[in-house]
Amino acid sequence: MKELEKTYNPADIEDRLYQKWLDGKYFHAEVNRSKKPFTIVMPPPNITGQLHMGHALDNTMQDILIRYKRMQGYEALWQPGTDHAAIATEVKVIDKLKKEGVDKADLGRDGFLKECWKWRDEYGTRIVNQLHKLGSSADWDRERFTMDHGCSDAVLEVFVKLYEKGYIYKGSRIINWCPVCQTSISDAEVEHVEQSGFFWHINYPVVGEPGRFVEIATTRPETMLGDTAVAVNPEDERYQDIVGKMLKLPLTDREIPVIADPYVDKEFGTGCVKITPAHDPNDFEVGKRHNLEEIIILNDDATVNVPGPYFGMDRYEARKAIVADLEAQGLLVKVVPHSHNVGTHDRCKTTVEPMVKQQWFVKMEEMAKPAIEALKNGSLTFVPESFGKTYLHWLEGIRDWCISRQLWWGHRIPAYYCQECGEIVVSKEAPHACPKCGCTSLKQDEDTLDTWFSSALWPFSTLGWPEKTEDLDYFYPTDVLVTGYDIIFFWVIRMVFSGLEQTGKLPFHTVLIHGLVRDSEGRKMSKSLGNGIDPLEVIDKYGADALRMTLITGNAPGNDMRFYWERVENSRNFANKVWNASRFIMMNIEKAAQSGEVALDRLTMADKWIVSKVNTLTREVTENLDKYELGIALQKVYDFIWEEFCDWYIEMVKPRLYNEEDDTKVAAIWTLKHVLIQALKLLHPFMPFISEEIFCNLQEEEETIMVSQWPVYRDDWNFAKEEQSTETIKEAVRAIRGVRSSMNVPPSKKATVYVVSEDAGLLQIFEHSKRFFAALGYAGEVILQENKEGIADDAVSAVIHKAVIYMPFADLVDIEKEIERLRGEEKRLAGELARSRGMLGNEKFVNRAPEAKIAEERAKLEKYEQMMEQVKIRLAQLQ
């Protein structure tokens, strides 16, 4: 047995232990048909990423589950990897090149991609190394990348299969367009930010009816250049007579119809809505229903492309000019301030422009059906269940998915265009000739695929699909996905329908949802607020275990949590408590003349109590982890170790440890060691480093706690009677300490303790526990009797169930010294009372002093009078 260092210093052990685990291949999983597999896939962090608190929470939760299952004997695979992060990486590389005076266009596609791969080689492993610091026990031997050969092959396979099935098509639909990055972006990349704006109310003249107008309200006046109709609700009686009539579109030479469509909310605004099919998702759908023209009014850089006075203007410049012209023509009715959520690109913060563009899409209607059924029939579950409603709501209203991006970094779309006849050929390999006309001049599509297209295949592409590998057969489907509630729509849903479509199986059976880590004020951590906290800073200061414990303590699935430095300090204090208690136990084991296995019938009442407690704890923590109640499980382990084991049991056994003649000392040492080992195993998934260091120094049979057996509940360790008996002793000790505390009696002051009860069985419990009861209750002597005979009348008492505890007053207090102290206090209070009464009796003070000052002095007088009364009562009792 090795001795622990005197002081627990995480910096001295964490890197060393992590390297030990890597060298020992303890994280590695292999196909092993004699064991049951358990698989988690890591949500792949971006190669541009740096570890933040969200990553820390997400990966800590996964690590807890994988360590728990590994100890239970599963072949536990935590599949790691990183995401190529198309837009984020491209932006980073472009910025880097700009600083070097290099333009992306000058390099050309191939040259630029070389720079991206250089970036990936240099920065792609940064966040992986940071996850090492957190203690993540992922199988790094299997690390994957969304653009490695295997994952790329899976992407091409799926694209071709879906295209051949008719699920992928190229067409013009409304998409999110970023005018700065000049690419389509997914809904996941649109961040809705509340902005102050206006509702501009505009009159559209009714053709042929001079003086009659239809009033509409819009937050984007410039889009009226693309209006092709005004819609009203068919049930709105106010406008039934103008449905079918034409309106003069202001500032243009065009006329547009009034149409009836149930999309319009007749209770909102004027009940008339301008329809701009090419620049609004809802208007696009209305336009399809009514065969309206789609007029695209903006270029890719958000400048106006409509011939006329606004041509070439930026969209916001055009807005000002249009509003001014409307006002000049008397068509601007009013301007109303209005705050609304505006879609912005999460990367460059530019306001996104909805725009009809020719893009590649995935048809979602048919693939959504089995994903919906999976939740409804219970084969897919969410923890908490409430997030299943979010999942269903999104799927039941799902639109076709725009998968093409105008980027160079990413999976290039495997579509080839015949330069002779225009035929489109979709193929994993570049075709040699056009199958329609035989032309050998074919050009590949310039666009790349949405990053989510490859990450949707992550649970099975990382295991070798589309090849029929042993890994895929054994480890797939995976078991649990751990992720934040903010990407249910964008990633979880896509993995579910992709898994069902490509493999016929759900990619996982459970989705464990966690919330966000917010700052101490409840605000979302962000660069703009400057309130982000670097997990690595916390680790450097307090250790990874303290950070992990802080993130999980009190954590409930789906709920946001607040980060407080004080909580990290509490976690560090707990680690110190575990360390110091373990050192104490190990020193006593070393000093013991004999140790070894002890029969359970040789254990004392206190031994059986703590053994029974850790046995119950094992059952409950196992149940909590199986239900994904990680925060509850950790709290139970914490409470047991700190209170039951350290504060109670260790104190109970100290008299036995210090007495070489005590024939129960061996049982005490056996109990200390075995309970500590069991507690360390239960703690290990949450705090892997400190549990490993203590475990490996405490025993020599196993070289790591990581693959030691998870504790199981044992019927022969269930000592209900001893538990109840020891709880009685604890109740008595708490009662004694409460009385002594109220009288300010120091622990060094010993007193005779009388336990009076007519219950012989109760007195027997105290008889068996006299040694540790006396130590815990600060008793010089413990006397057990059936009545109060012989106990001084001035003895103070405390009542417990079926018994009364008495302590002679003189044993607790040195009467002469206490009288002397109280007389000094009486003199001090008399002075304070005289001063306070004098001030309040002074007319000048009462008339001139602020009311608050007078009230403060009256409160002081009342307090001093109460204190004097208590002192006089106490003196009278003592004298």
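Just so you know, these numbers come straight off a predicted model, no measurement behind them.
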### Task
For Arg562 and Glu521, run salt bridge (Lys or Arg N to Asp or Glu O under 4.0 Å): C-alpha distance rounded to whole Å, both residues' side-chain angles, the deciding distance at 0.1 Å, then the answer.
CA-CA 7 Å; Arg562 295 190 182 191; Glu521 297 177 33; over 6 Å; no
### Verdict with supporting geometry, Glu786 and Ser757, side chain to side chain donor-acceptor pair (under 3.5 Å)
CA-CA 5 Å; Glu786 296 179 1; Ser757 175; over 6 Å; no
### Message
Is there a salt bridge (Lys or Arg N to Asp or Glu O under 4.0 Å) between Lys577 and Glu643? Walk through the geometry before answering.
### Response
CA-CA 11 Å; Lys577 183 94 169 178; Glu643 296 177 20; over 6 Å; no
### Task
Could you please spell out the steps behind the side chain to side chain contact (heavy atoms under 4.5 Å, CB included) verdict for Thr616 and Trp717?
CA-CA 9 Å; Thr616 302; Trp717 277 23; over 6 Å; no
### Verdict with reasoning, Glu862 to Arg858, per side chain to side chain contact (heavy atoms under 4.5 Å, CB included)
CA-CA 6 Å; Glu862 184 179 353; Arg858 284 176 178 153; over 6 Å; no
### Message
If you apply the rule side chain to side chain donor-acceptor pair (under 3.5 Å), what do you find for Thr622 with Trp710, and how did you get there?
### Response
CA-CA 9 Å; Thr622 301; Trp710 181 258; 2.9 Å; yes
### Message
Show, in sequence, the C-alpha distance, side-chain angles and deciding distance for Trp642 and Phe640, and conclude whether the ring pair (Phe, Tyr, Trp, His ring centres under 6.0 Å) test is met.
### Response
CA-CA 6 Å; Trp642 189 294; Phe640 172 81; over 10 Å; no
### Query
Hey, mind stepping through Tyr754 and Ile805 against side chain to side chain contact (heavy atoms under 4.5 Å, CB included) and telling me if it holds?
CA-CA 6 Å; Tyr754 293 88; Ile805 311 292; over 6 Å; no
### Query
side chain to side chain contact (heavy atoms under 4.5 Å, CB included) between Trp648 and Val733: does it pass, once the steps are laid out?
CA-CA 10 Å; Trp648 284 103; Val733 169; 3.7 Å; yes
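In this structure, Arg67 forms a cation-pi arrangement with Trp21, its terminal cationic atom sitting closer than 6.0 Å to the ring centre and no more than 45° off the ring axis. With a 6.0 Å cutoff to the six-membered ring centre and a 45° limit on the axis angle, Arg572 does not count as a cation-pi contact of Tyr542. The cationic group of Lys665 does not satisfy the cation-pi geometry with Trp670, failing either the under 6.0 Å distance to the six-membered ring centre or the 45° limit from the ring axis. Under the 6.0 Å distance and 45° angle rule, Lys69 counts as a cation-pi partner of Phe38. A cation-pi arrangement is present between Lys654 and Phe584, with the terminal nitrogen or guanidinium carbon under 6.0 Å from the aromatic centre and inside a 45° cone about the axis.
The residues Glu832 and Arg835 are annotated as salt-bridged, a charged nitrogen and a carboxylate oxygen being separated by less than 4.0 angstrom. Under the 4.0 Å criterion applied to side-chain N and carboxylate O atoms, Lys730 and Glu644 are assigned as salt-bridge partners. Taking a cutoff of 4.0 Å between a charged side-chain nitrogen and a carboxylate oxygen, Glu758 and Lys802 do not qualify as a salt bridge. Taking a cutoff of 4.0 Å between a charged side-chain nitrogen and a carboxylate oxygen, Lys541 and Asp534 do not qualify as a salt bridge. A salt bridge links Asp15 and Lys133; the closest N-O separation between the charged side-chain nitrogens and carboxylate oxygens is under 4.0 Å. With salt bridges taken as basic N to acidic carboxylate O contacts below 4.0 Å, one links Asp607 and Arg656. Residues Arg828 and Glu825 are paired through a salt bridge, judged by an N-O separation under 4.0 Å between the basic side chain and the carboxylate.
If you check the side chains of Thr553 and Gln635, you find no donor sitting under 3.5 Å from an acceptor. In summary, the side chains of Thr704 and Glu692 do present a donor paired with an acceptor at a separation below 3.5 Å, with no hydrogens or angles considered. For the residue pair Glu703 / Tyr26, a side-chain donor-acceptor distance below 3.5 Å is found, with atom types taken as modelled. A side-chain N or O of Tyr68 and one of Asp626 form a donor-acceptor pair less than 3.5 Å apart. Side-chain N/O atoms of Asn555 and His514 include no donor and acceptor closer than 3.5 Å. Side-chain atoms of Gln764 and His768 form a donor-acceptor pair, as typed in the model, at a separation below 3.5 Å. Looking at Thr664 and Asp662, their side chains do bring a donor and an acceptor atom within 3.5 Å of each other.
A donor-acceptor pair is defined here as one N or O able to donate and one able to accept, closer than 3.5 Å; such a pair exists between the side chain of Ser582 and the backbone of Val578. Here the side chain of Gln724 pairs no donor or acceptor atom with the backbone of Ala720 at under 3.5 angstrom. The closest donor-acceptor contact from the side chain of Asn659 to the backbone of Pro655 lies at 3.5 Å or more, if one exists at all. Listed for the Arg70 side chain is a donor-acceptor partner under 3.5 Å among the backbone atoms of Ser137. A donor-acceptor pair under 3.5 Å links the side-chain atoms of Arg548 to the main chain of Pro685, judged by distance alone. Side-chain N or O atoms of Asn580 include one that pairs as donor or acceptor with a backbone N or O of Asn576 at under 3.5 Å. A distance-only check finds a donor-acceptor pair linking the side chain of Tyr18 to the backbone of Ser136 [under 3.5 Å]. Using a distance-only test at 3.5 Å, with no hydrogens or angles considered, a donor-acceptor pair links the side chain of Ser742 to the main chain of Val739. Counting only distance, with no hydrogens or angles, the side chain of Asp63 and the backbone of Asn59 share no donor-acceptor pair below 3.5 Å. Listed for the Asp560 side chain is no donor-acceptor partner under 3.5 Å among the backbone atoms of Gly515.
Between atom CG of residue Leu551 and atom CZ of residue Arg567 there is a gap of 8.0 Å, rounded to the nearest 0.5 Å. To the nearest 0.5 Å, the span separating CG on Leu698 from CD1 on Ile677 amounts to 4.5 Å. Within the model, atoms CG of Asn624 and CG of Leu630 stand 9.0 Å from one another, a figure rounded to the nearest 0.5 Å. Summarising the geometry, atom OG belonging to Ser741 is positioned 13.5 Å from atom CD1 belonging to Ile736; distances are rounded to the nearest 0.5 Å. We find the OG1-CG distance between Thr550 and Asn570 to be 8.0 Å, quoted to the nearest 0.5 Å. Distance check, rounded to the nearest 0.5 Å: CE of Met71 to CD1 of Ile705 gives 5.0 Å.
The two residues Phe766 and Leu784 make their nearest non-hydrogen contact at CB-CD2, 3.6 Å. Of all non-hydrogen atoms in Ala798 and Ala735, the two that sit nearest each other are CB-CB, 3.8 Å.
Atom NZ of Lys872 has 12 or fewer neighbouring heavy atoms from other residues, nucleotides or ligands inside a 6.0 Å radius. No more than 12 heavy atoms of other residues, nucleotides or ligands lie within 6.0 Å of CD in Glu5, so this atom counts as exposed by the packing criterion.
When Ile610, Ile589, Ile650 are each tested for a side chain to side chain contact (heavy atoms under 4.5 Å, CB included) with Leu672, only one passes: Ile650. Screening Glu722, Glu727, Glu723 for a side chain to side chain donor-acceptor pair (under 3.5 Å) involving Trp609 leaves a single residue, Glu727. Checked options Thr726, Leu617, Asn718; the residue passing with Ser612 is Asn718 (criterion: side chain to side chain contact (heavy atoms under 4.5 Å, CB included)).
With sequence neighbours left out, Glu14 forms a salt bridge (charged side-chain N to carboxylate O under 4.0 Å, His left out) with no residue at all.
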